[in-house]
Amino acid sequence: VKLIEMGMIEDAHNEACRAREFVIEIISALRGDVAPELVASVKAYFLHVHKYLRLADLKRDLASARQAVELLDSYRETWLQLGDQKAVAG
């Protein structure tokens with residue numbers, strides 16, 4: 001987001017490509033034979049993130065970049081909360 005705002009388009013493109021690679025890596029690591037409904041849901045979530053990253057890159061769209069970051073932050077926060085709950089319960 002900041003790179004797009006600063007007009008550093010090549011750097012923004014490179015970072016968006018890296019982010020999409022990470023998202024694809026997550027998607028490819030999902031195993032459909034374990035909890036298929038959950039896996040399908042998580043896969044759809046990350047495909048949605050990938051779509052926003054692609055739009056942000058191709059159109060230099062700040063709104064799409066922000067949406068991708070918001071989705072990833074939300075996912076991260078969920079896992080942090082689950083970790084905290086497990087620590088308290090454990």
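Only heavy atoms go into these numbers, but all of them, side chains included; no hydrogens, no water, no symmetry mates.
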Determine, using the 4.5 Å side-chain heavy-atom cutoff (strictly less than), whether Leu71 and Trp79 are members of one ILVMFWY cluster.
yes

Taking the side chain from Ser28 and the backbone from Glu25, do they hold a donor-acceptor pair closer than 3.5 Å?
yes

To check you understand the geometry: which heavy-atom pair defines the closest contact between Ala56 and Ala65, and what is its length?
CB-N, 3.5 Å

Atom CD1 of Ile24 and atom CG of Leu47: how far apart are they, to the nearest 0.5 Å?
6.5 Å

Side-chain ion pair, Arg18 and Glu15, N-O less than 4.0 Å
yes

Any ring pair (Phe, Tyr, Trp, His ring centres under 6.0 Å) pairs touching residues 26-45, not counting sequence neighbours?
Tyr45-Tyr75

Below 6.0 angstrom between ring centroids: does that apply to His48 and Tyr52?
yes

Show every salt bridge (Lys or Arg N to Asp or Glu O under 4.0 Å) that has at least one partner inside residues 33-43, sequence neighbours left out.
Arg31-Asp33

Rounded to the nearest 0.5 Å, how far does CG of Asp61 lie from CD1 of Ile4?
7.5 Å

I'd like to know if Val42 and Leu82 are part of one continuous hydrophobic network [Ile/Leu/Val/Met/Phe/Trp/Tyr, side-chain heavy atoms within less than 4.5 Å].
yes

Find the distance between CD (Glu70) and CG (Asp73) and round it off to the nearest 0.5 Å.
8.0 Å

OG of Ser41 to CZ of Phe46: how many Å apart, nearest 0.5 Å?
10.5 Å

On a heavy-atom basis, the closest approach of Val49 and Ala68 is O-CB, 4.2 Å

Within the supplied structure, the quantity of interest is the number of heavy atoms (other residues, nucleotides, ligands) at a distance under 6.0 Å from Gln81 CD; does it exceed 12?
yes

Any link between Val39 and Ile26 through a network of hydrophobic side chains (Ile, Leu, Val, Met, Phe, Trp, Tyr) touching at under 4.5 Å?
yes

Check step by step if side chain to side chain contact (heavy atoms under 4.5 Å, CB included) holds for Asp57 and Arg20.
CA-CA 10 Å; Asp57 188 23; Arg20 286 195 316 268; 3.0 Å; yes

Side chain to side chain contact (heavy atoms under 4.5 Å, CB included) evaluation trace for Arg66 with Leu62:
CA-CA 6 Å; Arg66 287 185 180 113; Leu62 280 171; 3.6 Å; yes

Joint hydrophobic cluster, Leu38 plus Ile27, side-chain heavy atoms closer than 4.5 Å:
yes

From His13 atom NE2 to Leu58 atom CG, the distance as rounded to the nearest 0.5 Å
9.0 Å

